[in-house]
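From a predicted model like this one, the values you see are computed outputs, not experimental measurements. We use all heavy atoms of the structure for the numbers below, so side chains are in, but hydrogens, waters and symmetry mates are not.
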Amino acid sequence: MTPEPTGQLVPTPVGHDLVLSRTYRASVDDVWASVTESERTALWFGPWRGEGAAGRTVEVQMAFEEAASAPWIPITIDACEPPRRLAVSTEDEVGAWSLELLLAETGGATELRLVHHLTSTEHIGSIGPGWEYYLDMLTAARTGGPRPDFGDYYPAQKTYFESLAA
């Protein structure tokens, strides 16, 4: 499998937005459930625990990373507007992460846009391929198809994403 990168980099007043999207032949409510219900996020990203509501912090376990035992990571829910918008933030060794999932349904199909708000494009060569991988994991979970292999995304897509910031 050779997945094609789809991410776009959009300048903002405070940095850039990395925007990736996927479209599903499904209702917005069904796609929303795929990105917010722990049993369903566990199939493509990892489970979460805690009280899922705006202003709350939940813990997410990134189940598909290389580490033998994936840690639970605190993620703050900045906004939750079912079934259209989920905004979250967290911090790790790379820095602060601010993300939004935006859903829109048209004619029986739902577009999911993942927006990663970047203050720097320094790590875009690894961030972009990672989000492409996870969105394709979501697609595989929704369709019952085979899971993608991260090795098909990184480092293969690194140059594409770095060129967006050039």
Side-chain angles (χ1 to χ4, degrees), residues 6-10 12-121 123-124 126-145 147-148 150:
T6 64
Q8 300 297 314
L9 196 61
V10 179
T12 68
V14 294
H16 291 85
D17 283 350
L18 177 60
V19 181
L20 301 97
S21 66
R22 298 293 187 275
T23 301
Y24 302 100
R25 284 254 160 242
S27 71
V28 69
D29 290 319
D30 185 49
V31 178
W32 178 260
S34 290
V35 299
T36 60
E37 293 178 3
S38 183
E39 305 80 33
R40 292 181 72 178
T41 63
L43 300 173
W44 65 275
F45 191 79
W48 63 269
R49 61 188 181 197
E51 185 182 339
R56 300 295 222 169
T57 298
V58 296
E59 293 181 304
V60 175
Q61 185 178 44
M62 295 180 69
F64 299 97
E65 297 293 306
E66 290 183 6
S69 175
W72 289 88
I73 301 163
I75 295 184
T76 301
I77 300 172
D78 300 314
C80 184
E81 302 162 11
R84 305 277 179 213
R85 178 175 175 251
L86 177 65
V88 299
S89 57
T90 190
E91 288 190 40
D92 66 10
E93 64 279 352
V94 175
W97 294 65
S98 177
L99 308 163
E100 284 187 272
L101 294 176
L102 305 169
L103 290 80
E105 183 178 357
T106 306
T110 298
E111 179 189 32
L112 167 69
R113 285 186 15 216
L114 181 145
V115 181
H116 187 150
H117 303 292
L118 301 168
T119 55
S120 164
T121 57
H123 299 285
I124 196 167
S126 58
I127 293 170
W131 288 128
E132 295 281 5
Y133 166 75
Y134 275 112
L135 289 176
D136 286 350
M137 286 284 288
L138 171 59
T139 299
R142 290 188 53 76
T143 64
R147 287 185 180 154
F150 186 69

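Atom CZ of R147 is separated from atom CG of D136 by 13.5 Å, given to the nearest 0.5 angstrom. If you take CZ on R85 and CG on L103, they are separated by 12.0 Å, rounding to the nearest 0.5 Å. With rounding to the nearest 0.5 angstrom, the CG atom of L9 is 8.0 Å from the CG atom of D17. Rounding to the nearest 0.5 angstrom, the gap separating the OG1 atom in T90 from the CD1 atom in I77 is 11.5 Å. We find the CG-CG distance between L135 and L112 to be 6.0 Å, quoted to the nearest 0.5 Å. The CH2 atom of W32 lies 8.0 Å from the CD atom of E81; values are rounded to the nearest 0.5 Å.
A79 approaches A54 most closely through the heavy-atom pair CA-CB, 4.3 Å. Annotation for A96 and E91: closest pair CA-CG, 3.8 Å, computed over non-hydrogen atoms. When all heavy atoms of R40 and S34 are compared, the pair lying nearest together is NH2-OG, 2.8 Å. For P74 against T57, the heavy-atom pair with the smallest separation is CB-CG2, 3.9 Å. Residues V58 and G50 approach most closely at CG1-C, 4.1 Å, considering heavy atoms. H16 and T12 make their closest contact through N-OG1, 3.5 Å (heavy atoms, listed as atom of the first residue, atom of the second, distance).
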Using the side-chain hydrogen bond (donor to acceptor under 3.5 Å, both in side chains) rule, take T143 and Y24 through it: C-alpha gap first, then chi angles, then the decisive distance, then the call. CA-CA 10 Å; T143 64; Y24 302 100; over 6 Å; no
From CA spacing to verdict: side-chain contact (heavy atoms from CB on, under 4.5 Å), F64, Y134: CA-CA 9 Å; F64 299 97; Y134 275 112; 4.1 Å; yes
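Between the side chain of S89 and the backbone N or O of W97, no donor-acceptor pair lies under 3.5 Å. For E132 (side chain) and T6 (main-chain N/O), a donor-acceptor pair under 3.5 Å exists by modelled atom type. For W44 (side chain) and V35 (main-chain N/O), no donor-acceptor pair under 3.5 Å exists by modelled atom type. Side chain of S38 to main chain of W48: a donor-acceptor pair is present (N/O by atom type, distance under 3.5 Å, no hydrogens or angles).
For the pair E111/T106, no side-chain contact is recorded, criterion being any heavy-atom separation below 4.5 Å from C-beta on. At a threshold of 4.5 Å between non-hydrogen side-chain atoms, the residues L118 and I127 count as touching.
Aromatic ring pairs are classed by plane angle as parallel below 30°, tilted from 30° to 60° and perpendicular above 60°; the pair W131 and H116 is perpendicular.
Looking at R84 and E105, no side-chain N of the basic residue comes within less than 4.0 Å of a carboxylate O on the acidic one, giving no salt bridge.
Inspection of the R22 and T139 side chains reveals no N or O donor paired with an N or O acceptor under 3.5 Å.
For CZ of R49, the number of neighbouring non-hydrogen atoms (other residues, nucleotides, ligands) closer than 6.0 Å is greater than 12.
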